[in-house]
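Not measured: the values here are computed from a predicted model. Note that ligands are numbered from 1 as they come in the structure, with each ligand's atoms numbered from 1 the same way.
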Amino acid sequence: MILTIDGPAGAGKSSVTRRLADRLGFQFLDTGSMYRAVTWAAMEAGVNFDVEAELVPLMESIEIQLRDDGVLVNGVDVTDRIRTRDVTLNVSSIADSVPIRERLVDLQRHLAAAGNYVCEGRDQGTIVFPDAFCKIYLTASPEQRARRRMEQLATTGQFVDYDQVLREQAIRDRQDETRPFGALTRAVDAVEVNTDHKSMTEVVDELEEIARSRLPADYER
Ligand code: DC
């Protein structure tokens with residue numbers, strides 16, 4: 001069974017996804033970390049992001065492993081490296097590439113076929129898992145999202161001005177929403193949840209209630 005959580009950057013998807021998956025006894029799939037892992041690998045290899053002929057062989061030469069505690073690319077632990085501001089500034093170009101998206105969508109379907117998953121990203125309910133039993137669209141105001149992002153960067157020693165985070169976030173939102181393939185949009189059958197002024201526990205409680213109301217009656221946990 002698949003539950004999808006889509007929404008813009010900073011709406012709280014990652015932390016909420018892990019906690020919700022834990023409560024339901026599901027595994028979780030952070031698909032943004034896959035796009036970030038490819039971006040990190042492309043930066044390391046000095047590949048020109050705009051040249052598809054360079055991107056495709058790179059994609060085929062890397063193995064991405066997602067673990068509960070981190071992300072590996074060809075066996076190298078890149079968990080922290082894929083969260084840097086440089087990767088964040090470049091990841092949209094990678095996410096725009098149709099051949100990369102096709103490969104990552106295949107990988108996501110393959111991984112999630114193995115069990116019960118909460119899958120989080122931008123296109124999970126619309127493109128990757130249109131038949132998911134439950135779809136959530138998680139949002140928050142731009143100001144709240146920028147504050148969260150700033151706090152998250154600070155925990156890893158990256159101190160960035162609030163106005164700059166807000167500006168960069170607006171650019172990313174536009175890129176996410178206008179991507180020709182896999183653009184961020186609410187699936188018509190998704191439940192929209194706004195996380196403004198709610199604690200993490202309140203949001204997870206709300207999502208758990210929505211999920212349980214859609215789970216088969218005989219599902220236990
Ligand atoms: O959620 P995140 O910030 O880690 O996502 C990183 C980037 O990847 C972001 O620019 C949007 C993109 N992305 C995507 O296009 N499709 C997904 N399913 C997940 C993320």
message: Using side-chain heavy atoms (C-beta onward) and a distance below 4.5 Å, is Thr195 in contact with Thr139?
response: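 When only atoms from C-beta onward are counted, Thr139 and Thr195 do not touch, as no gap falls below 4.5 Å.
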query: Can you check whether Arg101 reaches Asp123 side chain to side chain, under 4.5 Å on heavy atoms?
result: yes
message: Is there a ring-ring contact (aromatic ring centres under 6.0 Å, His included) between Tyr219 and Phe26? Walk through the geometry before answering.
response: CA-CA 11 Å; Tyr219 181 77; Phe26 280 31; 5.8 Å; yes
- prompt: With distance as the sole test, does Arg148 use its side chain to make a donor-acceptor pair with the main-chain N or O of Ala11 at under 3.5 Å?
  reply: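 Yes, the answer is positive, given that a donor and an acceptor are paired below the 3.5 Å cut-off.
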message: Assess whether a salt bridge exists between Lys135 and Asp6, defined as any Lys/Arg side-chain N lying under 4.0 Å from an Asp/Glu carboxylate O.
response: no
message: Tell me whether Asp163 at atom CG has more than 12 heavy atoms from other residues, nucleotides or ligands lying less than 6.0 Å away.
response: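 Counting neighbours around CG of Asp163, more than 12 heavy atoms of other residues, nucleotides or ligands fall under 6.0 Å, so yes.
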For ligand 1, list every N/O pair with the protein closer than 3.5 Å, one pair per line with the distance.
from, atom 1, to, atom 2, distance (Å)
ligand 1, 1 (O), Arg122, NH1, 3.0
ligand 1, 1 (O), Arg122, NH2, 3.4
ligand 1, 3 (O), Arg36, NH2, 3.1
ligand 1, 3 (O), Arg122, NH2, 3.4
ligand 1, 3 (O), Arg172, NH2, 2.9
ligand 1, 4 (O), Arg36, NE, 2.7
ligand 1, 15 (O), Arg101, NH1, 2.8
ligand 1, 15 (O), Arg101, NH2, 3.2
ligand 1, 15 (O), Arg179, NH1, 3.2
ligand 1, 16 (N), Arg101, NH2, 3.0
ligand 1, 18 (N), Thr31, OG1, 3.0
ligand 1, 18 (N), Arg122, N, 3.3
ligand 1, 18 (N), Asp123, OD1, 2.8

